[in-house]
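When a ligand or atom number is given, it counts from 1 through the structure's own listing order. Because the structure is a prediction, the values reported are computed rather than measured.
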Amino acid sequence: MTGDSSQKLFKVVFILGPPGSGKGTCCHAIQKNHGLIHLSAGDLLREERQREGSEVGALIEAHIRNGTIVPVEITCMFQAMRAAGDSAKGFLVDGFPRNQDNLDGWKRQMSGKVDEKFVLFLTCPTDDCIKRCLNRGEGRSDDNEESFRKRIDTYNSQTLPIVEFYKKQGLVREVNSGRPIEQVLEDVERVFTEAGF
Ligand SMILES: Nc1ncnc2c1ncn2[C@@H]1O[C@H](COP(=O)(O)OP(=O)(O)OP(=O)(O)O)[C@@H](O)[C@H]1O
Ligand SMILES: Nc1ccn([C@H]2C[C@H](O)[C@@H](COP(=O)(O)O)O2)c(=O)n1
Ligand SMILES: [Mg+2]
């Protein structure tokens, strides 16, 4: 799809859901099957935090441990999409937009540049999410009970209203991810097929 004759619109699917609900796991499978590019806002922030000489590394780490959301000027998803090139079939934008500041920044930067296909919204009971995070085994500094509680509070108070915003536009596709992964992926695959991917 094209906007004007010179600019191709970026096809985007947002992936939202509570911490540990399986966003990254689903993106990994979908990316493989459909040739889409997976961009996780959390992964991009962790990468920047690790970059030698980063001026915002300490600030990012403080937000990650506190389960709060980094200002959108730092979480620059557009830059990452551009860097991925326009040969991409589309992008799986994982864990973004996570609050009103993310959404406002996204609109400021992306208006007229993206084709927002839908929001894949994963739902999962908190008890399952915490077990998954505590057993993830990736050494993340926020995979502990205290950070998890803060992340889930932020999710409930700041991310769910963003899901509501997209629901009102009829863009939300909900999948219950509190089930065995094979069943989750079957439903996720169906959602993508129905959307023409
Ligand atoms: N359906 C499932 N059943 C059991 N375990 C799962 C399922 N989906 C994902 N997991 C496991 O749960 C952990 C968290 O999954 P994942 O990293 O995909 O979640 P996430 O939503 O990206 O979390 P975060 O928001 O913290 O990045 C991983 O160890 C993953 O292997
Ligand atoms: N849009 C985003 C996404 C992530 N972060 C920070 C705060 C999160 O708790 C942390 C981990 O994200 P995840 O890997 O769980 O998606 O990264 C943010 O500030 N803004
Ligand atoms: Mg993740």
Side-chain angles (χ1 to χ4, degrees), residues 12 14-32 38-50 54 56-81 91-107 109-110 119-163 174-189:
V12 166
F14 298 111
I15 321 292
L16 294 175
S21 56
K23 299 181 293 296
T25 305
C26 290
C27 286
H28 188 69
I30 288 297
Q31 173 187 42
K32 253 191 354 210
H38 175 205
L39 288 178
S40 154
D43 287 350
L44 290 168
L45 288 167
R46 282 184 285 274
E47 236 174 74
E48 174 62 24
R49 178 192 60 186
Q50 294 310 113
S54 171
V56 289
L59 181 142
I60 291 172
E61 176 59 9
H63 279 287
I64 285 178
R65 278 183 189 270
N66 281 320
T68 48
I69 307 297
V70 174
V72 72
E73 290 74 20
I74 294 171
T75 319
C76 191
M77 301 306 287
F78 184 44
Q79 221 170 35
M81 286 168 68
F91 292 88
L92 301 170
V93 177
D94 165 1
F96 187 98
R98 198 96 145 211
N99 66 0
Q100 192 62 46
D101 172 62
N102 276 188
L103 182 60
D104 292 343
W106 172 264
K107 284 188 197 153
Q109 282 212 311
M110 303 306 270
V119 177
L120 176 66
F121 175 40
L122 299 179
T123 59
C124 188
T126 301
D127 283 354
D128 291 332
C129 288
I130 190 165
K131 278 187 213 139
R132 291 180 188 181
C133 286
L134 296 184
N135 292 322
R136 181 159 28 197
E138 289 178 5
R140 279 175 52 161
S141 61
D142 54 353
D143 275 347
N144 57 75
E145 190 150 355
E146 192 186 346
S147 290
F148 179 86
R149 294 285 165 210
K150 293 175 176 169
R151 287 154 70 197
I152 203 93
D153 284 351
T154 301
Y155 168 76
N156 286 325
S157 62
Q158 298 188 39
T159 309
L160 282 178
I162 304 301
V163 175
E174 187 169 327
V175 170
N176 170 8
S177 62
R179 296 176 295 155
I181 190 64
E182 299 74 21
Q183 291 176 26
V184 177
L185 291 180
E186 196 180 318
D187 283 2
V188 167
E189 188 61 46

For the atom pair [atom1] ([X]) and [atom2] ([Y]), what is the distance rounded to the nearest 0.5 Å?
X    : Y    : atom1 : atom2 : value
N99  : T159 : CG    : OG1   : 7.0 Å
D153 : T68  : CG    : OG1   : 11.5 Å
I162 : L16  : CD1   : CG    : 8.5 Å
C133 : R140 : SG    : CZ    : 6.5 Å
L44  : M77  : CG    : CE    : 5.0 Å

Legend entry - Residue that, paired with D142, satisfies salt bridge (charged side-chain N to carboxylate O under 4.0 Å, His left out) out of R136, R65, R149, R151: R151
Legend entry - Short N-O contact, D43 and R46, less than 4.0 angstrom: yes
Legend entry - Carboxylate-amine/guanidinium proximity below 4.0 Å for D128 and R179: no
Inset, instruction - Mind running side-chain contact (heavy atoms from CB on, under 4.5 Å) on M110 and M81 for me, showing each step along the way? - result: CA-CA 11 Å; M110 303 306 270; M81 286 168 68; 3.7 Å; yes
Quick one: ligand 1 N/O to protein N/O pairs below 3.5 Å?
| from | atom 1 | to | atom 2 | distance (Å) |
| --- | --- | --- | --- | --- |
| ligand 1 | 1 (N) | R132 | NH2 | 3.4 |
| ligand 1 | 1 (N) | R179 | O | 2.8 |
| ligand 1 | 3 (N) | R132 | NH2 | 3.3 |
| ligand 1 | 17 (O) | R136 | NH1 | 2.8 |
| ligand 1 | 18 (O) | G24 | N | 3.3 |
| ligand 1 | 18 (O) | T25 | N | 2.8 |
| ligand 1 | 18 (O) | T25 | OG1 | 2.5 |
| ligand 1 | 19 (O) | G22 | N | 3.2 |
| ligand 1 | 21 (O) | S21 | N | 3.3 |
| ligand 1 | 21 (O) | G22 | N | 3.0 |
| ligand 1 | 21 (O) | K23 | N | 2.9 |
| ligand 1 | 21 (O) | K23 | NZ | 2.9 |
| ligand 1 | 22 (O) | G24 | N | 3.0 |
| ligand 1 | 23 (O) | G20 | N | 2.9 |
| ligand 1 | 23 (O) | R136 | NH1 | 3.2 |
| ligand 1 | 25 (O) | K23 | NZ | 2.6 |
| ligand 1 | 26 (O) | R136 | NH1 | 3.3 |
| ligand 1 | 26 (O) | R136 | NH2 | 2.9 |
| ligand 1 | 26 (O) | R140 | NH2 | 3.4 |
| ligand 1 | 26 (O) | R151 | NH2 | 2.6 |
| ligand 1 | 27 (O) | R140 | NH1 | 3.1 |

Inset, instruction - Check each protein residue for a heavy atom under 4.0 Å from ligand 2 and list those that pass, ordered by chain and number. - result: A41, G42, L45, R46, I64, T68, I69, V70, G95, F96, R98, N102, R140, D142, R151
